[in-house]
Trainee: 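Input: one structure, supplied below.
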Amino acid sequence: MSEYNFSQIEKKWQRYWEENQTFKANETNGKPKYYALDMFPYPSGAGLHVGHPLGYIASDIVSRYKRLKGFNVLHPMGFDSFGLPAEQYAIQTGQHPAITTEQNIARYVEQLKNIGFSFDWEREVRTSDPNYYKWTQWIFKQLFNSYYNYSSDKAESIDKLIAEFEANGNATINAACDEDTPAFTAEDWKAMNEQQQAELLLKYRLTYVAEAVVNWCPALGTVLANDEVVGGVSERGGYPVERKKMRQWMMRITAYAERLLQGLDTIDWPEPVKEMQRNWISKSVGAELDFAIEGDGHIKVFTTRIDTIFGATFVVLAPEHDLVAEITTDAQRAEVEKYVNVAKNRSERERMTDVKTVSGVFTGAYAINPISEERVPIWIADYVLAGYGTGAVMAVPGHDSRDYAFARHFNLPIKQVVEGGNIEEEAYAAKEGKIINSGFLNGLDVKDAIKAGIAKTEELGVGKGRVQYRMRDAVFSRQRYWGEPVPVYFKDGIPQLLKDEELPLELPKIDAYLPTETGEPPLGRAVDWKYEDQYEYELSTMPGWAGSSWYWYRYMDPQNNTEFAAKDKIEYWRNVDLYIGGSEHATGHLLYSRFWNKFMFDLGLVVEEEPFKKLINQGMIQGRSNFVYRINGTNKYVSYGLKNQYETTQLHVDVNIVENDILDLEAFKAWRPENANAEFVLEDGKYHVGVEIEKMSKSKYNVVNPDDLVEKMGADTLRMYEMFLGPLEQFKPWNTNGMDGVHKFLKKYWKLFHDNNGNFIVSEEQPTAEELKTLHKTIKKVEEDIERFSFNTSVATFMICVNELTQLKTNKRAILEPLTKVLAPYAPHITEEIWQQLGYSESISYAGFPQWKEEYLVENTFEYPVSVNGKTRHKLSFATDTPREEIEKAVLADEQVIRFFDGKTPKKVIIVPNKIINVVV
Ligand code: ANZ
């Protein structure tokens with residue numbers, strides 16, 4: 001083979017790897033383990049573009065490097081294959097989503113294999129495969145059968161809770177439960193009928209059905225999770241989302257709020273992701289206290305600033321608050337009802353972020369401040385959210401901006417109780433300073449006043465300290481077809497679990513992927529689909545995040561039919577050492593996965609409390625769009641540099657018919673029928689296109705397909721070029737123009753081994769110090785780079801190395817063989833080929849990573865003959881610029897030299913720089 005024939009080489013080795021199962025992960029050979037995981041993709045119809053493989057290439061380099069370093073590597077790939085796009089397509093075409101999904105996966109696999117990833121394909125998982133979702137359903141069952149015990153701080157069996165209820169009621173129980181859970185005794189419990197007991201248990205179960213205010217998206221016909229709603233519209237499709245009360249399956253993630261928060265300190269994740277999770281969970285330490293309602297009852301408020309209690313001049317309830325109807329006076333009723341109706345349709349997000357509109361209504365009722373004993377009016381306003389804290393606030397307009405705006409608008413009293421600042425400007429934010437105008441709190445600073453305030457409310461029996469998390473329980477129902485069926489049927493309205501041996505509950509066949517006429521989810525269309533022919537199954541399916549919240553365990557043991565994964569495999573692989581994926585999953589997938597993992601840990605099903613030890617977010621690869629400029633009212637296009645001389649319209653042009661920013665005119669004419677007669681105004685005979693960086697998307701004609709590039713220059717070039725684009729985490733534009741440089745590098749590497757006639761010319765000669773230095777500094781740098789996930793710098797190092805070796809005309813095995821091992825993780829195909837030419841019959845994948853040696857790195861050394869009394873006895877190397885004193889010290893300390901002193905003390909050391917050393921004794 002004379003030329004570097006990449007396509008032949010790459011196909012050959014991809015076949016070899018597959019046939020020999022080179023990357024089959026092994027857990028039984030005593031090596032240490034390393035688990036490198038990519039966030040598995042949703043197989044979309046569009047296939048992969050060059051942005052998708054970026055993270056996969058990085059994790060593949062690490063995986064290959066770790067194998068060379070003697071690790072057992074688990075590096076799997078699979079598909080998150082339930083989801084909306086396949087279903088939307090099914091709605092339009094009537095085709096079963098399983099078919100589209102299958103086709104898309106086949107295309108993904110082909111594309112991935114083209115790039116030479118070292119995945120253990122035998123471990124592939126698909127969340128939509130019944131053999132997989134059987135276990136998603138099984139985990140759901142465990143959640144249903146568990147509650148969270150705050151006393152032991154873990155999830156425990158619901159049977160234990162029931163036993164407790166039977167013995168003592170719930171008075172002694174410290175468990176995560178719904179806000180409205182009543183207190184009851186053992187007798188009360190026993191007096192309840194089955195239905196009542198079941199309803200009560202739902203208030204404790206880690207997954208439960210409940211009435212919940214949800215994000216309902218009429219256009220998509222489904223409920224959406226908070227992280228699927230962006231700016232009041234659906235993340236997918238941008239359809240309007242409204243608030244609606246519906247009976248839904250929920251996940252009691254709030255039980256884990258504190259552990260989800262604390263766990264962040266134990267994992268090596270990007271700080272912004274941790275911060276997003278902290279904000280999402282959002283812990284507030286404060287107090288709840290009761291304001292007695294004049295007449296009867298009381299309002300519980302949640303505050304983080306009980307120190308400002310003497311400044312509370314009114315109370316505000318969320319419009320949805322249960323007490324509203326009760327306390328509103330007749331005079332105010334019409335106005336209140338009108339307001340409640342309007343507020344209902346504003347999303348929580350909107351209500352929280354809209355600080356401009358001040359609105360609210362007086363209920364006509366009054367409450368008594370429990371500390372100052374002042375009489376204060378009770379209002380309702382939509383800036384108070386029903387789902388947070390207690391849904392009611394003590395308003396302190398002197399120190400809270402919302403309350404301030406409200407008080408100004410409605411002319412309510414404003415009182416300053418923390419010293420310093422100007423109320424109208426910044427005083428409301430005062431978190432420091434002495435308390436004033438506040439009775440027994442006067443003179444304290446904020447922190448002490450909070451303590452004193454809480455102590456006082458406890459003493460009076462009107463309140464207590466309270467920790468509040470902003471995170472809500474997660475809605476788990478989707479009114480969709482293409483998701484996991486919930487393994488539940490209903491008997492007299494009570495949810496019952498299917499038995500383990502009845503799993504998986506498979507998706508039934510239906511005639512159309514739409515809601516039923518009566519508004520039931522698509523599963524309502526299934527004919528004769530009943531449990532034991534009589535009980536209704538749950539008709540909603542699980543959300544997209546169910547299948548992805550545990551998949552890394554399935555890779556450990558993907559074919560297991562009796563367990564989600566065998567315990568010994570879990571004990572071996574434990575958790576993911578390196579997880580690479582996009583930052584868009586910060587508060588969705590990455591939070592839910594941590595939640596399920598902790599739950600499974602509590603049950604003893606898994607052995608690590610955190611699933612992903614190290615996380616890296618790869619930056620997005622943006623598109624580099626190209627533009628042409630049509631002269632208005634004509635079919636004439638003007639080159640970029642001349643466009644300002646005309647009135648033009650800028651239009652996207654397909655980047656695949658542009659090379660080095662020059663438009664291929666014939667291809668342009670053929671691109672679209674209306675271009676057939678296009679005319680051009682050229683610059684120096686060429687059409688220069690305009691360039692802009694945008695998101696990579698079909699509609700912008702800037703999508704670059706990796707398959708095309710692999711065909712043109714090979715997978716090794718693509719892999720190295722993607723890394724060369726810049727630091728992994730950085731957002732960066734794609735630019736095919738630079739790829740050629742990397743391709744030339746690989747050709748140059750190839751040439752080190754071959755003469756112009758393609759003969760393999762590697763020699764067995766001894767390397768020179770200079771060659772060794774080039775090699776060893778490359779080994780050292782690449783090892784350090786991979787260990788700190790800096791891949792672009794390695795590519796630059798390889799280029800320098802190959803240039804230096806080319807200049808030195810190196811063809812020695814002693815240099816080129818170790819270099820080939822170092823390059824193998826980056827360019828696996830070409831290095832396998834060379835490895836074979838070097839005479840090896842096994843894959844390079846386990847050949848070992850070379851060890852660099854400090855001695856070869858020393859800058860320009862000289863090897864001195866060392867004499868004792870004129871007789872040469874030894875040789876010692878020193879860098880040419882080593883100071884005389886240092887050489888002398890080293891010589892006198894060297895055992896090999898001292899031997900010849902015959903026990904005498906040396907009189908003198910003569911050093912002639914870069915010539916000789918002579919010791920006189
Ligand atoms: C009095 C006060 C005085 C407050 C002051 C703040 C500043 P975080 O930190 O986010 O937990 N609040 C309580 N429940 C609310 C609800 N359901 N909807 C809207 N606001 C609510 O915020 C806690 C503070 O937000 C609480 O402390 C309460 O106002 C308000 F100078 O009470 B504060």
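Atoms considered below: every heavy atom in the structure, side chains included; atoms not considered: hydrogens, waters and symmetry mates. In listed order, ligands and their atoms are each counted from 1.
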Trainee: Please name the residue in the list Glu458, Glu459, Glu288 that meets the salt bridge (charged side-chain N to carboxylate O under 4.0 Å, His left out) test with Lys464.
Mentor: Glu288
Trainee: Any salt bridge between Glu610 and Arg259, counting N to O under 4.0 Å?
Mentor: no
Trainee: Any nitrogen or oxygen of Asp403, side chain or backbone, less than 3.5 Å from one on ligand 1?
Mentor: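 The answer is no, given that Asp403 and ligand 1 share no N or O pair closer than 3.5 Å.
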Trainee: Can you list the ligand 1 atoms lying under 4.0 Å from a non-hydrogen atom of Thr308?
Mentor: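 By the 4.0 Å cutoff, the relevant atoms are 3 (C).
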Trainee: Is it true that Lys447 and Asp445 make a salt bridge, defined as a side-chain N closer than 4.0 Å to a carboxylate O?
Mentor: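 So Lys447 does not pair with Asp445 through a salt bridge.
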Trainee: Check for a donor-acceptor pair, side chain of Arg478 on one end and backbone N or O of Pro543 on the other, with a separation under 3.5 Å.
Mentor: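 No, the answer is negative, given that no donor and acceptor are paired below the 3.5 Å cut-off.
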Trainee: Can you list the atoms of ligand 1 that are under 4.0 Å from a heavy atom of Val384?
Mentor: 16 (C), 17 (N), 18 (N), 19 (C)
Trainee: Can you tell me if Arg470 has a non-hydrogen atom under 4.0 Å from ligand 1?
Mentor: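 In this structure, Arg470 qualifies as a contact of ligand 1 - some heavy atom is under 4.0 Å.
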Trainee: Would you check if the distance from the ring center of Phe599 to the ring center of Tyr256 is below 6.0 Å?
Mentor: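 Ring centres of Tyr256 and Phe599 not closer than 6.0 Å.
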Trainee: Evaluating non-hydrogen atoms only, which member of Thr303, Asp400, Val446, Val301 is closest to atom 1 (C) of ligand 1?
Mentor: Thr303
Trainee: Does Gln468 have a non-hydrogen atom less than 4.0 Å from ligand 1?
Mentor: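 It does not; every heavy atom stays at 4.0 Å or beyond.
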Trainee: So if I count the atoms of ligand 1 from 1 in the order they appear, which ones are less than 4.0 Å from some heavy atom of Tyr383?
Mentor: 18 (N), 19 (C)
Trainee: If you take the centroid of each ring, where Trp contributes its six-membered ring, are Phe410 and Phe314 closer together than 6.0 Å?
Mentor: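 That pair fails the under 6.0 Å test.
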Trainee: Which ligand 1 atoms are under 4.0 Å away from a heavy-atom of Met394?
Mentor: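 So the atoms of ligand 1 that pass are 1 (C), 32 (O).
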Trainee: I'd like to know if Glu258 and Lys598 make a salt bridge, using a cut-off of under 4.0 Å between side-chain N and carboxylate O.
Mentor: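 Salt bridge flag = no for Lys598 with Glu258.
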Trainee: Any heavy atom of Ser284 closer to ligand 1 than 4.0 angstrom?
Mentor: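 Ser284: in contact with ligand 1 (<4.0 Å).
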